Each structure stands twice: as C-alpha cells, then as structure tokens.
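Everything below concerns the one structure shown next.
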Number of protein chains: 2
Amino acid sequence: MTLAQPEARPYHHGDLSRALVEAARRILETDGPAALSLRAVAREAGVSPAAPYHHFKDKGQLLDAVAHEGWVELDAALMRSRQDSDDDRRRMTSLGVAYVTFARDNPALYRVMYDCSRDKDALPDQMKEEGAYCQVRNTIAHAAGEGVSEIDLELATIAAWCAGHGLAEMSGFKQFESLKTLLGGEEAFLKAVFDHLGMFAKFDRG
Amino acid sequence: MTLAQPEARPYHHGDLSRALVEAARRILETDGPAALSLRAVAREAGVSPAAPYHHFKDKGQLLDAVAHEGWVELDAALMRSRQDSDDDRRRMTSLGVAYVTFARDNPALYRVMYDCSRDKDALPDQMKEEGAYCQVRNTIAHAAGEGVSEIDLELATIAAWCAGHGLAEMSGFKQFESLKTLLGGEEAFLKAVFDHLGMFAKFDRG
DNA sequence: CGATCCATCTGAACGACGCTTAGATAACAT
DNA sequence: ATGTTATCTAAGCGTCGTTCAGATGGATCG
C-alpha cells in the first residue's frame, strides 16, 4: 500500500524525512535562516550529521521540502482570504494583504521559499495549475470579465504577483514605519499601497 | 617593494580596502554570490585570509561596501534613463525598465544589495535624500502635478518601488519565458508588465 | 527459526568557511 | 636612529557541507 509512495515508511527512526523538515521549520522560527544548517537540523532531530543524507540529496533538497510546505500553506492562506469579500476589487486587495501578511508572519519561511525559487529560476510548478499564482489569476479574471485576452490576464497576474512579492520583502523596512503608524497600522498601510498600485486600472468597471 | 599597484596608496599593500571591494565584485560577476567568501576575496586580492579584518569589521561590512557601489551605479542608471523621454508616463515606464534591467544585468550585485538591506531591515539612507528612491518619487510627483498629498506621493513611490523590486527578482523565472518571446523580447515584456500595473491610475491626466 | 539482505544510521574524516590572536613588518613622526 | 602605529601574516578555533566505511536492526525467505 504505502510502498507506492516515493517517500515511504519508517525504518529505524520513525519517519526521519518528516522529522527533519519539522526540525528545520522549528529552527527557522526560533533562530532564523542564518542558524539553519544541516547539522543543526540533525541535532534538533536527534540524529547524526550524516543521517539526513539518506533522505535528501543535499541541504538544498531539504530546503526544497521546507519551501514546498510553505507554498502549500500560502495557498491555503490565500484561499481563506478570498472568502472575505464578494466585491472584485476588495477581494483582490484582500488577496494581496493576505499574501504579504503571510510573508510577514513567516519571514524566515518566506525567505527559504523564494531562495529556493531563485536557485531554480522558477516558481514551483504546482502554482501554475492550482496554487497561489492561479488564485490570483482567477481573481483577476473574474474581476476583468469576459472580453480580456489571455495575454492581458497573464500580464496583470505577473504585475500583481511582483508587487506582492516586492511589498512582502520591503514592508518591514524602517523607512516606512512612520507612514505605517500614520495610516493606523500595518494592514492599513498594505491596503493603501495596493490601492496606489491601481492594478485594476486596466479592467476596472466603475 | 611597492609593486605597480594602481592609484594612490596609504600603506603596505596599496589601497587594500578598494582592492578588496574590486576583488569581491570580480568574484561576484564571474562565479556568483555562492562563491563570495571572505577567504576567496583575500585570495583574489593576493593577501592573507586575515588581512581584510584590518579594513572591515566582518564579512557583512565588506558586502555593505560592495552594495553601496551597487546603489550608486543604480542611481546613475536611473538618472540616465530619465532623459529618455519627456512624457511623464513614458518616463515612469522607462525608469522601471531601467531599474529592472540593471538588476538583470547585475544579478549577483543586485542580490548583495538587497541582502544587505534585508539584514538591516532598511534601504540605504542616501536613497531617501538623493538616490534612486528619490528619483522615482520626483518622477511621480512631476507626473501627478500639484494637488497631490505627500502621503499619496509616498504611497505611490513605495508601490512603484515594490513592483520594480518584485519584477527584478522574478522576471528571470522560466515560467515567463514563453510570454517574453511572444511579446518580442525582455524589454517589451517589462514594459507590458509595468503597463498592467497601472501605477498611474491614481494621478493620470488623460 | 536462522540466515541473509539492505535500508538506515553512526563515527570519523576532509576541505572550506568566518573569525581571533600573537607576532612580524614597514611607513611615519620625532 | 628610535619609537609608534598601522598593516599584514601564520596559526588556530569552532562550524559548516559532504563523503565513506562500517555498525545496526527490521524485513524477507529458506
């Protein structure tokens, strides 16, 4: 039964692959990305420094597994936020806010996610089919209505995605702090920035 | 024994601080960010592994110096691009294209620049006064005209900046390649994405 | 039940890294 | 010439990613 899975069952330790990913995430949360060494992960999981190499080809592959979990959780967070509103524009904004909020709440994880993507010069494949990228695209498509070309849709999605990523990486910068408090907090700030992006200018019906 | 090192030199080596920064940039360009170790920089500069510590507190401070050069050159690139057009909207787009092009032409340098910023949770201070950020802001201000609040200006600048950074980091992703060739090349792609951002929606007069 | 297989894990080691310390060297000021 | 001080080297510490030979012990089959 379980033999069909590429990641099969436990032997000596239990499910060490799983334990390693969890240990990695624990280290990420508590000590940050700089402390995330393979040896530290092995230590945290209670195994020798060489043990991980029976489950992951190298450190990068372990990080890939961590990043994958991150993308799945980001997908879920976006999915949740889409139910917040029935107005197209609001839904789009809340999608953006949810994206950035996820990145800000899990900064180390988000960094691993994007570092992995940058190493491969590609976003995870799943995103194009059912993942976060697709959610953004669908939301834009719904807002844009019928008469919009595939190319326009793709470009708008990319534009929105880039803006989200940029804001995710920069919204913590000290230079913006005074503006944040002036606007009444982090979320108000994010909404205001997204509002000034005018991602909807192209399609807006109103 | 002062061998024919270039430029004016204070003490033993010549200007080792300068030589180290140049060596670092050489390594960055040829072997990428992963190969950029302090020891490698010292090797490249023809000096012992401990020598850099008389000029930089630690590796991070050397990278800061490299990053600073990067920001100065980015400022210059944006400055050049502003003279390309006299139409506000075109100028804004060409600013964005110049930004992303710089990042794409110097990927390793750009990465160092942003890694340094992220470590301090802040953009370089000079940017707010006369640097690239200020150029974007001024361009937007000119386009927006008189009746625009400081806050709106700031928000629009942040939005544009985030979009530029996001696109700089993601425009190389494989998922966008087909779209790029379909649109007729990298620059056309960048312009199209910026166009779909509609950063001007808020202020556009026409 | 016993022998064997083989995935899993360990211990030790290698080279490279960031960084520190103690001491050598050489430019400058006196 | 002498002393001062900035600059550089040599050696070493602890950590890292990774490899490899060998120990361990569950699974399989006689």
Side-chain angles (χ1 to χ4, degrees), chain A residues 1-24 27-28 30-67 108 111-112 115-116 119, chain B residues 1-24 26-28 30-67 108 112 115-116 119:
Chain A
M1 283 287 186
T2 47
L3 291 179
Q5 280 289 342
E7 307 268 346
R9 301 311 305 283
Y11 268 80
H12 287 107
H13 169 281
D15 192 344
L16 185 53
S17 309
R18 176 106 222 106
L20 288 170
V21 172
E22 281 167 11
I27 292 174
L28 264 187
T30 60
D31 300 325
L36 189 63
S37 67
L38 242 192
R39 292 179 109 105
V41 173
R43 220 152 24 209
E44 171 80 19
V47 292
S48 85
Y53 286 91
H54 295 271
H55 300 268
F56 301 97
K57 185 177 146 289
D58 55 18
K59 184 185 179 184
Q61 205 164 89
L62 170 57
L63 294 190
D64 282 345
V66 172
R111 183 154 166 189
V112 169
D115 283 349
C116 286
D119 285 348
Chain B
M1 197 69 102
T2 2
L3 218 79
Q5 277 300 83
E7 300 286 331
R9 58 277 73 139
Y11 281 91
H12 285 109
H13 168 280
D15 192 344
L16 186 53
S17 310
R18 175 107 221 105
L20 288 170
V21 172
E22 282 166 10
R26 230 173 297 136
I27 292 173
L28 264 186
T30 60
D31 300 323
L36 189 63
S37 67
L38 242 191
R39 292 177 109 105
V41 172
R43 224 174 296 139
E44 169 81 20
V47 99
S48 88
Y53 287 91
H54 294 271
H55 300 267
F56 300 97
K57 185 176 147 289
D58 55 18
K59 184 186 179 183
Q61 204 165 87
L62 170 57
L63 295 190
D64 282 346
V66 173
V112 169
D115 283 348
C116 286
D119 284 347

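Quick note on labels: first sequence line is chain A, next is B, and so on, each numbered from 1. Since we're looking at a predicted model, the values are computed, not measured. Hydrogens, waters and symmetry mates are skipped; everything else that's a heavy atom, side chains included, is used.
Look at CZ on B/Arg43: it is 16 Å from C1' on D/dT9, rounded to the nearest Å. Note: CG (A/Leu36) to C1' (D/dG17) measures 13 Å, nearest angstrom. Nucleotide C/dG18 holds its P atom 13 Å from the CG atom of B/Leu20, rounded to whole Å. To the nearest angstrom, P of C/dC17 lies 13 Å from CD of B/Glu44. Regarding B/Lys59, its NZ atom lies at a distance of 12 Å from the C1' atom of C/dC19, rounded to whole Å.
Closest heavy-atom contact between A/Ala35 and A/Ala40: O-CB, 3.7 Å.
Side-chain nitrogen and oxygen atoms of A/Ser37 include at least one within less than 4.0 Å of the OP1 or OP2 phosphate oxygen of D/dC16.
Comparing D/dC8, C/dC19, D/dC16 by their nearest atom to the side chain of B/Leu38 picks out C/dC19. The side chain of A/Arg39 approaches D/dT18 more closely than any other nucleotide in the set D/dT9, C/dC17, D/dT18.
The shortest side-chain heavy-atom distance between B/Leu38 and B/Tyr53 falls under the 4.5 Å cut-off. Inter-residue side-chain proximity for B/Asp115 and B/Leu63 is flagged as unmet; no heavy-atom pair is nearer than 4.5 Å.
Put simply, the residue from A/Val21, A/Val41, A/Leu16 that forms a side-chain contact (heavy atoms from CB on, under 4.5 Å) with A/Phe56 is A/Val21.
Rounded to the nearest 0.5 Å, atoms OG1 (B/Thr30) and CD (B/Glu44) are 7.0 Å apart. For the atom pair CG (B/Asp15) and NE2 (B/His55), the distance works out to 8.0 Å, reported to the nearest 0.5 Å.
For DNA chain C, the residues of residues 50-57 of chain B within the heavy-atom distance limit of 4.0 Å (strictly under) are B/Ala50, B/Tyr53, sorted by number.
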